Amino acid sequence: MLMVIVLLVMVVGSLLFHFIAPWHALPLASNWRDMDQTLTITFVITGIFFVVLNGFLAYTVLRFRRGKVQGAAYQPTNHKLERWLTIVTAVFIAALLAPGLSVYADYVRPPSHAMEVEVLGNQWQWRYRFPGPDGKLGRSDARFISPSNAFGLDPDDANGNDDPLIESNELRLPQDRPIKMLLRSIDVLHDFYVPQFRARMNMVPGQISSFWFTPTKAGRYEAMCAQLCGVGHANMRGAVVVEPAPAFEAWVKAQPSRSAPAQAAAGDAASPVALGMALAKSKACVACHSVDGSASVGPSWKGLFGKTEAFADGSQAKVDQAFLIHEIKEPQARVVKGFPPVMPKSELSEAELAALVAYIESLAK
Ligand code: CUA
């Protein structure tokens, strides 16, 4: 009898939780209403089965409980019942799968006038690339990646010369225009996900995956990584700003490209510290190193410079410029005590390295 009560409480409690819990999907901001409908269909079918099966279980426990009936009949096979169950189950499974397959077919078949946008993921940051005025994305390959070529653009492909390169985790997109997202990863599995767009896709090293969507509401949305990709996974966040087409056009036109690199002159004007601070953001150092002393994946940079750091092997060293350069260049060579050996190597030029170290030094006090 207790079992019957437990089953009924579980069913009623689950239904109540569904209807009165405060958690709901974020408001839809893309064309993919079909995704929501598919989820609803799945939810209704599995919900009905959940209630019916648990109700049936409660009923049989109650009806055939000990003392109520004398022994149960042993019936190892019942072909008629099995056939019937197989057919009914098959129909419902097909009803579950069919809408998803049909929506997925649309999801990976973009309209011909969709604008291409490349998303590049690595531990633990996002970068983006647009086709330039020529409308063509230049070829790229992981083997071309270097400090001066973070996107791995093929030097022999002129189509890549005018591609706007966004070395920041913030992407902007025009409202009401179909976007074809091309996803690349240069290290491990990531997944680009914006909940309000109802759109996501795995990013698999060595291949380009794609989907499309049309952002329908202006606003700022959080983009997050939806595959566990290492200790910095939770900090692999970005943003997608959807804005009216003219604002987007003005923004994208102002972005650097291979033929019009970011104002190198700014390097002369800006102090190394300011440059280092920008690098810490664009290279995603701040995903693992806080600058305010709070605990994170790696040691905080606040007050780091000048202190004596202990290593896992028991040795010690004073944090100075040489120390930092060594750690950034060879993050796995010596591991600071109390932290996991997870820091990836970054592609940094000597000037960038100096700027980053200057920035960390500036956080000493
Ligand atoms: Cu990238 Cu999780």
Side-chain angles (χ1 to χ4, degrees), residues 23 25-26 29-30 32 35 107-108 116-130 137 140-147 149-152 165-173 179-213 215 220-241 278-291 294-300 328 331-332 335 339-348 356:
W23 298 289
L26 292 162
S30 83
W32 287 120
M35 292 280 181
Y107 187 57
V108 294
E116 291 188 324
V117 179
E118 181 187 76
V119 183
L120 188 63
N122 66 296
Q123 286 172 321
W124 289 279
Q125 62 178 319
W126 305 105
R127 293 193 188 92
Y128 312 96
R129 179 164 67 114
F130 290 89
L137 275 173
S140 64
D141 192 297
R143 41 197 177 106
F144 298 123
I145 291 175
S146 71
N149 187 2
F151 290 80
L165 307 171
I166 320 300
E167 289 222 42
S168 137
N169 62 16
E170 184 180 294
L171 172 68
R172 296 203 190 187
L173 293 175
I179 310 287
K180 179 183 182 186
M181 301 294 268
L182 298 163
L183 310 172
R184 291 167 61 209
S185 164
I186 56 173
D187 42 33
V188 300
L189 194 61
H190 301 282
D191 187 308
F192 186 79
Y193 178 37
V194 178
Q196 288 92 335
F197 298 157
R198 306 295 192 268
R200 56 180 280 182
M201 180 76 77
N202 275 356
M203 312 170 75
V204 187
Q207 72 181 53
I208 299 174
S209 44
S210 73
F211 65 87
W212 75 276
F213 70 103
R220 184 187 173 85
Y221 307 100
E222 186 177 17
M224 57 189 90
C225 178
Q227 284 292 354
L228 186 57
C229 56
V231 285
H233 162 69
N235 295 327
M236 192 166 170
R237 289 156 182 242
V240 178
V241 175
L279 274 172
K281 282 210 183 85
S282 71
K283 300 286 177 186
C285 310
V286 289
C288 296
H289 298 280
S290 78
V291 293
S294 59
S296 190
V297 176
S300 177
I328 297 169
Q332 306 291 340
V335 177
F339 293 96
V342 292
M343 177 155 154
K345 276 194 184 185
S346 309
E347 295 289 353
L348 290 168
L356 203 52

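The model shown is predicted, which means the values in this text are computed figures rather than measured ones. In what follows, every heavy atom counts, from backbone to side chain, and hydrogens, waters and symmetry copies are set aside. When a ligand or atom number is given, it counts from 1 through the structure's own listing order.
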Counting N and O atoms only, with roles assigned by atom type, does the side chain of Asp141 sit under 3.5 Å from a partner on the main chain of Phe144, one being a donor and the other an acceptor? no
If the condition is salt bridge (charged side-chain N to carboxylate O under 4.0 Å, His left out), which residues does Arg172 pass it with, not counting sequence neighbours?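 Glu170, Glu243.
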Side chains of Gln125 and Asn169: any donor to acceptor distance under 3.5 Å?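 Note: Asn169 and Gln125 side chains miss the donor-acceptor criterion.
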Test item: side-chain donor near acceptor, Ser209 and Arg184, under 3.5 Å: no
For a distance under 2.8 Å, give residue and atom name for each protein N, O or S atom next to atom 1 (Cu) of ligand 1.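 As for protein N, O or S atoms lying under 2.8 Å from atom 1 (Cu) of ligand 1, they are His190 ND1, Cys225 SG, Cys229 SG, Met236 SD.
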dist Ser30:OG -> Arg198:CZ (nearest 0.5 Å) comes out at 7.5 Å
Rounded to the nearest 0.5 Å, what separation is found between the CG atom of Leu183 and the CD1 atom of Ile208? 9.5 Å
